[in-house]
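Below is one structure, written out as structure tokens; the observations come after it.
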2 protein chains.
Amino acid sequence: MVSYTEENYLKAIFKLSEKNKEEISTNAIAESLAVKAGSVTDMLKKLAEKGLIHYTPYSGVELTGQGRQTAVKIVRKHRLWEVFLVEKLGFRWDQVHPMAEELEHIDFDELIERLDVFLGNPKFDPHGDPIPDEKGEFQPSESIRLSEADTGQRLQMIGLENHTTAFLQYLDKKELALGSRIAIVEVAPFDKSLTITIDGDRQVHISHEVAKNILVAVKES
Amino acid sequence: MVSYTEENYLKAIFKLSEKNKEEISTNAIAESLAVKAGSVTDMLKKLAEKGLIHYTPYSGVELTGQGRQTAVKIVRKHRLWEVFLVEKLGFRWDQVHPMAEELEHIDFDELIERLDVFLGNPKFDPHGDPIPDEKGEFQPSESIRLSEADTGQRLQMIGLENHTTAFLQYLDKKELALGSRIAIVEVAPFDKSLTITIDGDRQVHISHEVAKNILVAVKES
DNA sequence: TCTAAATTTTAGGCTTATCTAAATTATTAT
DNA sequence: ATAATAATTTAGATAAGCCTAAAATTTAGA
Ligand SMILES: [Mn+2]
Ligand SMILES: [Mn+2]
Ligand SMILES: [Mn+2]
Ligand SMILES: [Mn+2]
């Protein structure tokens with residue numbers, strides 16, 4: 001059995017592994033779970049004991065196959081529940097994370113699969129993040145940061161690199177949503193801020209910082 | 001804050017209080033939660049400390065207003081989730097209890113209220129049990145045990161006194177569902193077993209034990 | 001290379017929730 | 001009324017997760 005707390009550690013390690021290619025540090029885990037480093041060390045020993053991670057003191061940590069499988073299943077549940085909360089219950093995308101953080105720990109295979117069917121087998125959650133399938137496979141998708149795109153390209157907003165409430169609400173205010181068609185009109189050389197058009201008409205100005213956190217697909221033209 | 005475990009204790013005390021009018025014994029709580037009596041005593045002290053129960057050593061326990069309120073909210077969540085699982089995800093009534101047992105602990109007011117709306121403000125769960133409203137009020141409903149009804153009365157099955165999987169599956173086999181119209185044809189004097197008709201046509205034979213666990217409303221005729 | 005700083009682990013404690021076994025209190029039956 | 005039985009509480013342990021502070025190790029700087 002994997003406890004609620006162990007699940008949160010595994011998911012945190014998985015998410016950190018996705019970003020940083022290297023091995024994951026004790027401090028990084030501590031920060032992402034808001035616990036102290038000493039608590040992390042305790043837990044790493046336990047997870048290693050259970051065969052969920054490879055752990056060598058002082059040299060970081062890595063998920064085993066079984067650990068990754070467990071983590072991905074939690075991510076699957078988290079994202080499916082987020083779709084449910086937004087699509088069926090009408091929550092906004094900036095409201096659902098704390099609820100999904102709890103719902104993700106409810107573990108009944110048939111519940112997950114029925115929920116998946118009920119939602120129409122969604123491939124992405126309300127934040128554009130991919131939902132792994134029952135086998136733990138992620139649908140590969142090609143995206144670049146808006147800050148790395150060129151003027152003249154036809155772009156579509158498909159994901160985010162930042163999931164904070166503040167950022168989500170900022171995007172709402174600018175009426176930038178997943179699926180929006182974006183074209184870069186101009187990049188200011190001084191601060192790299194962008195002038196863009198959204199869905200062909202509205203023209204909006206955003207900072208380089210914001211553009212770095214928006215993922216876009218480049219459409220054939 | 002009320003912990004997951006404390007919530008289960010409060011709900012257990014509430015359910016026992018509904019059945020037995022008297023004060024609730026340590027042993028009864030221990031049995032219903034499958035823990036030992038000594039563990040219960042520990043928890044009772046803690047709940048009393050928090051003002052959730054009235055507790056006098058050796059003389060039983062009773063919920064305070066605040067304790068009852070907490071318990072009823074958990075019951076509300078449990079039953080709403082059961083409706084979701086049956087109505088939206090297509091589970092059978094004998095499958096949903098363990099899942100609801102976990103879902104009931106997820107505590108976000110807006111989630112409960114939106115779920116309630118999504119489900120169409122149901123008043124009863126899939127087992128015929130009433131769903132308390134946001135204020136903790138139960139809709140009063142008048143029912144008697146089928147074993148106490150008379151020949152010739154027009155009856156409708158509206159609830160159960162036994163929620164075990166075995167009993168639910170037995171009712172399925174007999175095609176006895178909530179809402180079924182029942183009339184008692186004959187009661188055998190020897191073992192009090194009943195011959196009944198279901199929805200006017202099908203004739204079925206059930207034991208007194210089964211009849212005791214079926215709740216019916218007596219319809220005006 | 002050698003020392004200072006940063007990171008990580010260890011040691012010792014605390015809290016919650018559980019258990020078993022012993023002690024206490026209440027109930028029941030003669 | 002008393003003794004046996006049943007119910008309840010207390011005492012002493014354990015396990016999971018967390019903390020702080022000290023010790024150990026690694027990394028980085030001069
Ligand atoms: Mn979580
Ligand atoms: Mn998400
Ligand atoms: Mn529960
Ligand atoms: Mn029910």
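Chain naming here is simple, since letters A, B, ... match the order of the sequence lines and numbering starts at 1 in each. In what follows, every heavy atom counts, from backbone to side chain, and hydrogens, waters and symmetry copies are set aside.
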Both distances under 3.5 Å, Watson-Crick or G-U wobble: on that basis, could you give the dot-bracket string for DNA chain D, with [ ] for crossing pairs and | for other-strand partners? ||||||||||||||||||||||||||||||

Between protein and nucleic acid, restricted to nucleotides 22-29 of chain D and to nitrogen or oxygen atoms under 3.5 Å apart, what atom pairs and distances do you find?
{"from": "D/dT25", "atom 1": "O4'", "to": "A/Tyr58", "atom 2": "OH", "distance (Å)": "3.4"}

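Within 4.0 Å (heavy atoms only), B/Tyr55 reaches sugar-phosphate atoms of the nucleic acid but no base atom. Within the 4.0 angstrom heavy-atom criterion, only backbone atoms of the sugar-phosphate kind lie near A/Ser25; the bases stay farther away. Counting non-hydrogen atoms under 4.0 angstrom, B/Ser39 reaches a base of the nucleic acid. Contacts of A/Ser3 with the nucleic acid, taken as non-hydrogen atoms under 4.0 Å apart, involve only primed sugar atoms and P, OP1 or OP2. Residue B/Thr26 is classed as a sugar-phosphate contact, given heavy-atom separations below 4.0 Å to backbone atoms only.
Rounded to an integer number of Å, the gap from B/Met43 CE to C/dT15 P is 16 Å. Per the geometry, CG belonging to A/Leu44 stands 15 Å off P belonging to D/dA16, to the nearest Å. Between the NZ atom of A/Lys45 and the P atom of D/dA16 there is a distance of 13 Å, rounded to whole Å. Between the CG atom of A/Asn27 and the C1' atom of C/dT9 there is a distance of 11 Å, given to the nearest Å. One atom, CD1 of A/Ile24, and another, C1' of C/dT7, lie 15 Å apart when rounded to the nearest Å. Separating the CG atom of B/Asp42 from the P atom of C/dT20 is a distance of 13 Å, rounded to the nearest angstrom. One atom, CD1 of B/Ile29, and another, P of C/dT18, lie 13 Å apart when rounded to the nearest Å. The distance between atom NZ of A/Lys50 and atom C1' of D/dA15, rounded to the nearest whole Å, is 11 Å.
Taking the charged nitrogens against the carboxylate oxygens, A/Lys135 and A/Asp133 have no contact shorter than 4.0 Å, which rules out a salt bridge. Of the charged side-chain nitrogens involved, at least one lies within less than 4.0 Å of a carboxylate oxygen, so that A/Lys212 and A/Glu209 count as a salt-bridged pair.
Contacts of A/His105 classified as side chain to side chain donor-acceptor pair (under 3.5 Å), with partners at least two apart in sequence or in another chain: A/Glu7, A/Asn8. Residues satisfying the side chain to side chain donor-acceptor pair (under 3.5 Å) test with B/Glu102, not counting sequence neighbours, are B/Tyr4. Taking the side chain to side chain donor-acceptor pair (under 3.5 Å) definition, one finds that A/Arg76 meets it with A/Glu113, A/Asp116, sequence neighbours left out. Residues passing the side-chain contact (heavy atoms from CB on, under 4.5 Å) test with A/Val210 are A/Phe167, A/Tyr170, A/Ile206, A/Ser207, A/Ile214, sequence neighbours excluded.
Residue B/Tyr9 places at least one side-chain N or O under 4.0 Å from the OP1 or OP2 atom of C/dT18. For the OP1/OP2 pair of D/dA21 and a distance below 4.0 Å, the side-chain nitrogens and oxygens of A/Lys36 include no atom meeting the criterion. OP1 or OP2 of C/dT9 sits under 4.0 Å from a side-chain N or O of A/Thr41.
Residues B/Trp93 and B/His127 form a side-chain contact, since some pair of their non-hydrogen atoms from C-beta on lies under 4.5 Å apart.
Note on ring orientation: taking the six-membered ring where Trp is involved, the planes of A/Trp81 and B/Phe84 are tilted (angle from 30° to 60°).
Between the side chains of B/Ser193 and B/Asp191, at least one donor N or O sits under 3.5 Å from an acceptor N or O.
Two rings, from A/Phe91 and B/Phe108, have their centers 6.0 Å or more apart.
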